[in-house]
*Asks:* 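Got a structure for you, written out below as structure tokens; questions coming shortly.
Model, not experiment: these values are computed from the prediction. Reminder, nothing fancy here: chain letters follow the sequence lines and each chain counts from 1.
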Number of protein chains: 2
Amino acid sequence: MDRRIPVDDDRTGHRIVPEAIRRSDRPADRLAGARYGNRPTMKDVAARAGVGLKTVSRVVNGEPGVTPETEHRVQEAIDALGFRRNDSARVLRKGRTASVGLVLEDLADPFYGPLSRAVEEVARAHGALLINGSSAEDPDREQELALALCARRVDGLVIIPAGDDHRYLEPELKAGVATVFVDRPAGKIDADCVLSDNYGGARDGVAHLIAHGHRRIGFIGDMPRIHTSAERLRGYRTAMEDAGIPVEDSWMSLGVTDPERVRDAAEGMLTGPSPVTAIFAGNNRVTVTVIRVLAEQTRRVALVGFDDIELADLLEPGVTVVAQDAAAIGRNAAERLFRQLDGTLVTPERIELPTRLITRGSGELPPAD
Amino acid sequence: MDRRIPVDDDRTGHRIVPEAIRRSDRPADRLAGARYGNRPTMKDVAARAGVGLKTVSRVVNGEPGVTPETEHRVQEAIDALGFRRNDSARVLRKGRTASVGLVLEDLADPFYGPLSRAVEEVARAHGALLINGSSAEDPDREQELALALCARRVDGLVIIPAGDDHRYLEPELKAGVATVFVDRPAGKIDADCVLSDNYGGARDGVAHLIAHGHRRIGFIGDMPRIHTSAERLRGYRTAMEDAGIPVEDSWMSLGVTDPERVRDAAEGMLTGPSPVTAIFAGNNRVTVTVIRVLAEQTRRVALVGFDDIELADLLEPGVTVVAQDAAAIGRNAAERLFRQLDGTLVTPERIELPTRLITRGSGELPPAD
DNA sequence: CCCGGATCTGACAACGTTGTCCAGGCTCTA
DNA sequence: TAGAGCCTGGACAACGTTGTCAGATCCGGG
């Protein structure tokens, strides 16, 4: 706090850079011109090395047919000028960008970290750069982002949909942009998608509670217009039906996402006329809120959550969850994307990856009336 | 699981696209040509609308000087052809890309979610796209990524350094690429950076333990070559020194990151000849592992962690932490970046943001010998 | 000494867009 | 009705790179 490294010391680097200073003097530059601060081009390198333009290009791209001696001279000029190839121009000429776009919902959601990372790894393995942005669950923003990426001519697009109508992508698909939807299917267009088995996972999770003796089981989920929510709800209903348990309306809360409201919903179903003895939480955010609520109860209420949460095993009791494999989903999606680009893959498919029930205690509590 | 959307139905979208099919027939196309699957250009639009090239450009960019009637004709042609402006060409011509790069360490680390998101929000507010990638803590990969972004001519770069030598960026800085380092300072160059007050935060955290009566306090941190680790270690040492407590070597573990080794280290300092009664964990990953170890102990050991962790308040006891405000750091960094681009900001500075001690129980346990 | 062939090099066009500049047609006024 | 001034539209060059192609150089063999 008290001893800071001085910022105006005399270390190397960032001396007075003429361009940097001048930039602030000419406001006009800021808006239109600025020409990347006048970076050297191949032409400059060629002039300095005393060779032709194409020879520089050859050296930069490691193409054969350049004498070691010439190559050396060019390389020297490159280093001296600090030249770096302008990929925009390259892309324009070559037609391929070697980059893929990822549109996700919310960067801050822990589910997307591993997913995003898996996509990046695969992209990297294929020599492509990953460009991503998040839609903040706003369909308009998703569209805006996806189209911006298309305008940059990404070779492919991995999308975690926020909206439910993706016809805006039709021209892009037609133009050959590879596309894979993840976590939720595409709306109103036919495209590749990679999902978790939301229905089966939820069904198994609820069946697990039933197997431990519960009959009055609550379900708290997101808006049913979201595919994953609808599927998980369907799984809940099926499990209850299979066990011959009629579901009461007061056991279900759909469409509330705000933690305060989730809390109200949970408390409501715990204290109603026919109080639940177990809760199935439809996603990780809901799970966390429900954990808080249950911690305040004297009665022990069972809980199974969809999606794993960090430290779930350290809580008392440990939280039983239906876990998705985010990394596997991401890897799968990215690999399909590149197979589309290969031409190895032509027919759109829907892939559903299995979920895994992880028992840690909270789902194995017996009913306490 | 059972009901899948048929892939060969007759809805619109994804009909047999000649380009897509032909692409797989001509392997050569995959590598070099492919020309974005022959997307329409402004020329095509102009031809179809029966106007000049520049008129199309004007319509696309909303420039004035086009009759509503002409504009309408052009717009129709655009929709009919599914035209989308090629931003690569635009960038080449204009010299500005309206995009910034973010190089982070590990997308899966929860600390970077909010940070990344904050950067994105600011970028978005400035009309820029965010391109990001993660270095996986590998200095070579950080360099590779940063330079790849420069080759794409991003206007600016936010870097969370993995390495400690950033001289490779000198030509880029000179060329006018705005750059802000985050979380750790730049190595061997003079550049803007936005950090947490790691030293002060750690010092306060350790002082907090001392205030609760602890004298034998352990420190588990990352490699001291990482700036944050070194600063936090320095804070630990200062706090101990200020309290007149000589530090024993066996109380410190530096440079272990692998959870198994962290566990060994923690167990070691709990059972050694002069066992600690409290532990200061140098980062969130260490904190989590230490929580696990302490949960297995019969003796109650106090804990303060650097960096907040999710659900820290639900554990028993709640985990006391020194919290960084990742979102504030990201916002700050991004805003500085755009101020550099404005020209409003010229002198590199080091900004240190305060941390906040959040007491939840684990840091307030008394010493138990 | 000349020629064929191999090797190396450079001039040039093209990629799709935007900035500049000018032509032509219109309206308005004197 | 002529001239001035405005509005609309289009021809053209340029951005920095790469593919094509042809020219230059050098070698050894006839």
*Asks:* State whether Glu349(B) and Arg336(B) are salt-bridged, where the test is any N-O pair (Lys NZ or Arg NE/NH1/NH2 against Asp/Glu carboxylate O) under 4.0 Å.
*Replies:*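 Yes, charged N to carboxylate O under 4.0 Å.
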*Asks:* Nearest whole angstrom, please: distance from the C1' of dA14(C) to the CG of Asn86(B).
*Replies:*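 Taking CG of Asn86(B) and C1' of dA14(C), I get 14 Å after rounding.
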*Asks:* Using a strict threshold of under 4.0 Å (side-chain N to carboxylate O), is an ion pair present between Arg141(A) and Glu121(B)?
*Replies:*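 Arg141(A) and Glu121(B): salt-bridged.
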*Asks:* Please report the distance, rounded to the nearest Å, between CZ in Arg96(A) and C1' in dT18(D).
*Replies:*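 Between C1' of dT18(D) and CZ of Arg96(A): 17 Å.
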*Asks:* So which nucleotide from dT18(D), dT18(C), dG16(C) ends up closest to the side chain of Arg93(B)?
*Replies:*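 Comparing dT18(D), dT18(C), dG16(C) against the side chain of Arg93(B), the answer is dT18(C).
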*Asks:* Nearest to the Lys54(B) side chain among dT20(C), dT20(D), dG16(D), which nucleotide is it?
*Replies:*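 Nucleotide nearest to Lys54(B)'s side chain: dT20(C).
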*Asks:* Output the rounded distance in Å from CG (Leu81(A)) to P (dG16(D)).
*Replies:*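 After rounding, the reported distance stands at 14 Å.
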*Asks:* Is there a donor in the side chain of Tyr168(A) and an acceptor in the side chain of Glu142(A), or the other way round, less than 3.5 Å apart?
*Replies:*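 Looking only at side-chain atoms, Glu142(A) and Tyr168(A) do form a donor-acceptor pair, the distance falling under 3.5 Å.
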*Asks:* Checking contacts here: which listed nucleotide (dC8(C), dT18(C), dT17(D)) is nearest the side-chain heavy atoms of Thr67(A)?
*Replies:*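 So the nucleotide nearest the side chain must be dC8(C).
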*Asks:* Under 4.0 Å, counting only non-hydrogen atoms across every strand here, what does Asp87(A) touch: a base, just sugar-phosphate, or nothing?
*Replies:*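 Counting heavy atoms under 4.0 Å across all strands, no contact is made by Asp87(A).
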*Asks:* Figure out the NE2/P separation between His72(B) and dT8(D), and round it to whole Å.
*Replies:*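 Spelled out: NE2 on His72(B) to P on dT8(D) is 18 Å.
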*Asks:* Return the value, rounded to whole Å, for the distance between atom CG of Leu53(A) and atom C1' of dT17(D).
*Replies:*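 Rounding to the nearest Å, CG of Leu53(A) and C1' of dT17(D) are 8 Å apart.
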*Asks:* Measure NZ/Lys43(A) against C1'/dG16(D) and give the value in whole Å, please.
*Replies:*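 Rounded to whole Å, this separation is 9 Å.
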*Asks:* Is it true that Arg39(B) and Glu172(A) have a side-chain N and a carboxylate O under 4.0 angstrom from each other?
*Replies:*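 Looking at Arg39(B) and Glu172(A), the cut-off is met.
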*Asks:* Output yes when at least one side-chain N/O atom of Ser88(B) is less than 4.0 Å from OP1 or OP2 of dT17(C), else no.
*Replies:*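 For Ser88(B), the contact criterion (side-chain N or O under 4.0 Å from OP1 or OP2 of dT17(C)) is not met.
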*Asks:* Could you give the CE-to-C1' distance, from Met42(A) to dC12(C), as a whole number of Å?
*Replies:*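 Answer to the nearest Å: 16 Å.
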*Asks:* Please determine, for the side chain of Arg90(A), which listed nucleotide (dC15(D), dT17(D), dT9(C)) has the closest atom?
*Replies:*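 Comparing dC15(D), dT17(D), dT9(C) against the side chain of Arg90(A), the answer is dT17(D).
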*Asks:* Contact class for Val51(B) (heavy atom, under 4.0 Å): base, sugar-phosphate, or nothing?
*Replies:*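 Touches sugar-phosphate only.
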*Asks:* Write down the distance between CG (Leu92(A)) and P (dC15(D)), rounded to a whole number of angstrom.
*Replies:*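 Nearest whole value for this atom pair: 14 Å.
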*Asks:* Check every strand shown and say whether Gly65(A) touches a base, only sugar-phosphate, or nothing at a heavy-atom separation below 4.0 Å.
*Replies:*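 Base contact - Gly65(A) has a heavy atom under 4.0 Å of at least one base atom.
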*Asks:* Is any side-chain N or O of Arg85(A) closer than 4.0 Å to OP1 or OP2 of dT18(D)?
*Replies:*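 The answer is yes; a side-chain N or O of Arg85(A) sits under 4.0 Å from OP1 or OP2.
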*Asks:* Salt bridge check, Asp164(B) against Lys188(B): does any charged N sit closer than 4.0 Å to a carboxylate O?
*Replies:*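 Result for this pair is no, no salt bridge flagged.
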*Asks:* Taking the minimum atom-to-atom distance to the side chain of Ala89(B), which one of dT18(D), dT17(C), dC8(C) wins?
*Replies:*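 The answer is dT17(C), which lies nearest to the side chain.
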*Asks:* Hey, which sits more toward the 5' end of DNA chain D by its nearest nucleotide, Val66(B) or Ser57(A)?
*Replies:*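 Taking each residue's closest nucleotide, the earlier one in sequence belongs to Val66(B).
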*Asks:* Counting side-chain heavy atoms from C-beta on, which of dG10(D), dT17(C), dT17(D) comes nearest to Arg58(B)?
*Replies:*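 Closest of the options to the side chain of Arg58(B): dG10(D).
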